[in-house]
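Just below is one structure, and these are the notes that go with it.
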Amino acid sequence: MKILIFVLGLLLAANAYADTMDLDKIVVTTSRLAQNDYKLSSDVTVIDEDAIDASTARTVSQLLSEQPGINIYDNSTPKTATIDIRGFGDTANRNVLVLVNDRKVNPVDISGPDLLQIPLDSVRRIEIIRGAGTVLYGDNAVGGVVNIITKEGKGKLSGKIGGTYGSYDARGAHAEISGSAHNISYYAHSQYDDQRGYRQNSDVLSKDFNSRLSTQISDRLKLSLDTTWHQDEYGLPGGLSLAQIDQYSRRATVNPGDKASTKDRALQATFDFKPWPQDFEFGHFVLDASFRDRDTYSVFYTGGEFATKRAANTLGITGKYIFDQTIFERQVNLVTGVDYYKTDQEILGSGSSTDNLTITKEEVGAYISSELEIWDHLFVTGGDRYQKTYYTFNQNNLGTPAYTKQSPDKNAAMVGAKYEYAKSSNVFFNIEQTFRFLATDEWYDTFTGLNTGLKQQSGTQYEAGIKHNFNGTVTAHLTPYVTKLRNEIFFDPGAGGGFGSNSNYDRTLRKGLEFGQTTDILKFVQLDRLNKWNFFTGYTYQDAKFDGGAYDDKRIPMVPSHEANAGMAVGFFDRYEASLIGRYVGSRFAINDTNNITSPIKPYY
């Protein structure tokens with residue numbers, strides 16, 4: 001807190017200097033209405049097309065790993081990449097919400113959002129909100145929200161083809177077309193990627209196609225249609241003990257036959273309309289309707305063949321009303337709406353797996369969030385969400401079919417304030433309640449069966465922060481936060497008679513500090529041949545621990561205390577760019593080491 005007060009005083013002293021700046025406006029939509037990023041009262045990062053082009057990343061997960069406060073880890077393949085924001089470790093893929101064009105892509109099971117099926121070449125912008133987004137988005141949005149926005153067609157018909165070749169004989173190719181004419185825009189992208197992993201049995205073969213078609217029928221109505229198609233096959237190399245590394249090498253696997261595959265298809269239609277007369281502005285409505293068909297297969301040979309097929313069909317309908325106007329010279333921003341998702345998931349085992357059941361998850365949520373300017377540049381924010389989830393378990397693997405229902409509900413509220421003390425700069429604080437409903441395979445386990453005694457996760461997040469822009473030369477942000485959770489859902493290796501099982505932990509506590517800055521060096525040094533020279537750094541401190549109970553004061557596995565990044569991007573002759581980016585991730589305990597008894601995983605950079 002002393003650091004925050006010091007920086008606040010320093011930045012306020014620069015107020016007069018900042019008032020003269022003329023900045024580009026970056027509009028973000030993770031607030032569920034379009035706002036300039038510097039107006040948001042939260043820790044937000046926008047990765048635009050220029051930043052994507054300047055990055056050395058070739059996948060979405062690699063690009064996200066370059067951002068401060070985001071830890072990306074995987075099981076030796078990009079297919080299994082997990083986004084962790086604010087220290088959730090092994091449960092991060094259920095506590096961080098990922099959207100594609102505002103469509104929720106987190107599956108109903110524990111597998112987490114699949115970043116591989118979003119080719120980076122088709123991405124126009126990525127918006128990252130660190131911290132809770134439960135009031136706006138409901139389930140999964142506990143640690144943060146990532147909204148990936150794909151490209152749209154514009155201008156004359158154009159096309160692009162490309163190819164890649166890399167280490168271990170990796171190869172790929174992609175093609176795209178885009179354009180617009182007569183109020184219709186079109187974009188299509190196709191990609192083939194054959195990645196050969198560093199580890200044995202870590203190869204990934206993926207094929208993707210996605211498109212966006214939109215038409216502006218009138219000033220009052222816009223329609224768009226998004227399609228995605230993805231297919232992949234990949235190996236599962238598994239972990240290695242120190243003894244196995246010494247015996248076989250770091251690249252080896254002891255599971256050469258373990259593999260998995262995915263087919264994922266989705267269709268989304270969006271209607272943005274204003275039902276009012278032409279000369280009357282009173283907000284607008286947005287309606288999204290989506291359907292997703294996702295099939296997965298995995299097989300493991302440890303102790304015999306153990307194979308599982310999962311098929312999930314998801315229907316989603318979301319509607320919202322957005323009001324963003326000035327009334328009596330005061331800004332009023334309001335968004336309210338209803339979210340509905342229904343997923344039918346079939347789980348069928350073969351070999352040693354006896355799974356044979358259907359799980360239905362139906363979610364209904366209603367929310368409202370508003371921001372009101374009560375004094376010049378002083379805003380108060382507030383919101384509330386009520387959500388109810390209906391689970392149905394139809395078990396056919398028990399000889400006699402068993403039919404079970406659960407219908408938990410949760411409420412979450414949010415309150416906060418911000419003061420825009422200078423142009424494009426603000427200080428803020430937020431208090432937001434959070435919740436997360438159980439994933440389908442947290443209720444059910446192959447070995448222990450159905451456990452309806454588990455509780456839904458809830459909690460409260462406290463955060464404060466400051467964003468400041470020094471005349472467009474240096475932008476900086478600092479955000480300390482505290483997150484307290486009750487009944488956090490995690491895999492307890494000490495439960496289930498030594499086999500481990502999903503459990504609720506009474507209390508967990510996360511404290512942290514996020515800092516980042518970007519400097520435009522050309523504002524200090526003028527070089528004729530350079531048109532861009534940016535230097536950026538970031539640092540994140542995380543203290544994530546169990547609070548009370550059997551693991552009191554133990555660190556939550558897979559959460560590093562320290563993360564840092566730094567980089568530089570240079571543009572020259574108006575045609576070329578070069579970038580150098582570095583990342584450091586501190587030591588952390590391995591997955592499931594809730595007692596912190598093994599040697600921590602070494603830090604890396």
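Below, each value reflects all heavy atoms present in this structure, side chains not excepted, and no hydrogens, waters or symmetry copies. Note that the structure is a prediction, hence the values are computed from the model and not measured.
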Practice task
Using only heavy-atom distances, determine whether the side chains of Asp339 and Thr318 contain a donor-acceptor pair under 3.5 Å.
Solution key: no
Practice task
May I ask you to say whether Lys418 pairs ionically with Glu373, meaning some side-chain N is under 4.0 Å from a carboxylate O?
Solution key: no
Problem - Gln231 atom CD, over 12 foreign heavy atoms within 6.0 Å - result: yes
Exercise for the section: Can you sort out the partners of Glu363 under side chain to side chain contact (heavy atoms under 4.5 Å, CB included), two or more places apart, ordered by chain and number? Expected result: Lys104, Asp139, Tyr341, Lys361, Gln387, Thr389
Practice task
Would you kindly say whether Asp344 and Thr360 are connected by a side-chain donor-acceptor distance under 3.5 Å?
Solution key: yes
Practice task
Could you verify whether a donor N or O on one side chain and an acceptor N or O on the other, from Ser370 and Asn333, lie under 3.5 Å apart?
Solution key: no
Problem - Residues Arg436, Glu442: salt bridge by 4.0 Å N-O rule - result: yes
Handout entry: Salt bridge Arg124-Glu152, side-chain N to carboxylate O under 4.0 Å
Key = yes
Handout entry: Any side-chain donor near an acceptor of the partner, Asp226 and Gln268, under 3.5 Å
Key = no
Handout entry: Lys/Arg N to Asp/Glu carboxylate O, Lys79 vs Asp114, below 4.0 Å
Key = yes
Handout entry: Atom CZ of Phe291 with >12 non-hydrogen neighbours under 6.0 angstrom
Key = yes
Practice task
Not counting sequence neighbours, which residues clear ring-ring contact (aromatic ring centres under 6.0 Å, His included) with Phe546? List them please.
Solution key: Phe490, Tyr505, Tyr551
Problem - Which residues share a ring-ring contact (aromatic ring centres under 6.0 Å, His included) with Phe285, sequence neighbours left out - result: Phe273, Tyr321
Exercise for the section: For the residue pair Asp102 and Asn147, confirm or rule out a side-chain donor-acceptor distance under 3.5 Å. Expected result: yes
Practice task
Return yes if a side-chain donor-acceptor contact under 3.5 Å exists between Thr45 and Arg130, otherwise no.
Solution key: yes
Fill in the blank from the handout: Contacts of Phe437 meeting ring-ring contact (aromatic ring centres under 6.0 Å, His included) (sequence neighbours excluded), chain-then-number -> Phe435
Problem - Salt bridge flag under 4.0 Å for residues Arg486 and Asp506 - result: yes
Problem - SB check Arg220 Glu281 (cutoff 4.0 Å) - result: yes
Handout entry: Residues Asp272 and Lys222 bridged, charged N to O under 4.0 Å
Key = no
Handout entry: Modelled atom types, side-chain donor and acceptor of Thr440 and Gln345, under 3.5 Å
Key = yes
Handout entry: Geometric cation-pi criterion, Arg212 with Tyr186: 6.0 Å, 45°
Key = no
Exercise for the section: Identify, with sequence neighbours excluded, every residue that meets ring-ring contact (aromatic ring centres under 6.0 Å, His included) alongside Trp229. Expected result: none
Practice task
Check the side chains of Asp264 and Thr262 for a donor-acceptor pair under 3.5 angstrom, ignoring hydrogens and angles.
Solution key: no
Handout entry: Counterpart residues, side chain to side chain donor-acceptor pair (under 3.5 Å), relative to Ser65 (two or more places apart)
Key = none
Problem - Ionic contact status for Arg265 with Asp295, cut-off 4.0 Å - result: yes
Practice task
Look at the rings of Phe280 and Trp276 and say which category their plane angle falls in: under 30° parallel, 30 to 60° tilted, over 60° perpendicular.
Solution key: perpendicular
Problem - Between Phe393 and Tyr403, ring centroids under 6.0 Å - result: no
Exercise for the section: Check step by step if side-chain contact (heavy atoms from CB on, under 4.5 Å) holds for Ile126 and Val46. Expected result: CA-CA 6 Å; Ile126 300 179; Val46 179; over 6 Å; no
Fill in the blank from the handout: In terms of heavy-atom contacts, Ala412 and Val135 come closest through O-CG2, 3.8 Å
Practice task
Would you check if there is a donor-acceptor pair between the side chains of Asp409 and Tyr386 at a distance under 3.5 Å?
Solution key: yes
Problem - Salt bridge flag under 4.0 Å for residues Glu488 and Lys455 - result: no
Handout entry: Side-chain donor or acceptor of Lys151 paired with backbone N/O of Asp121 under 3.5 Å
Key = yes
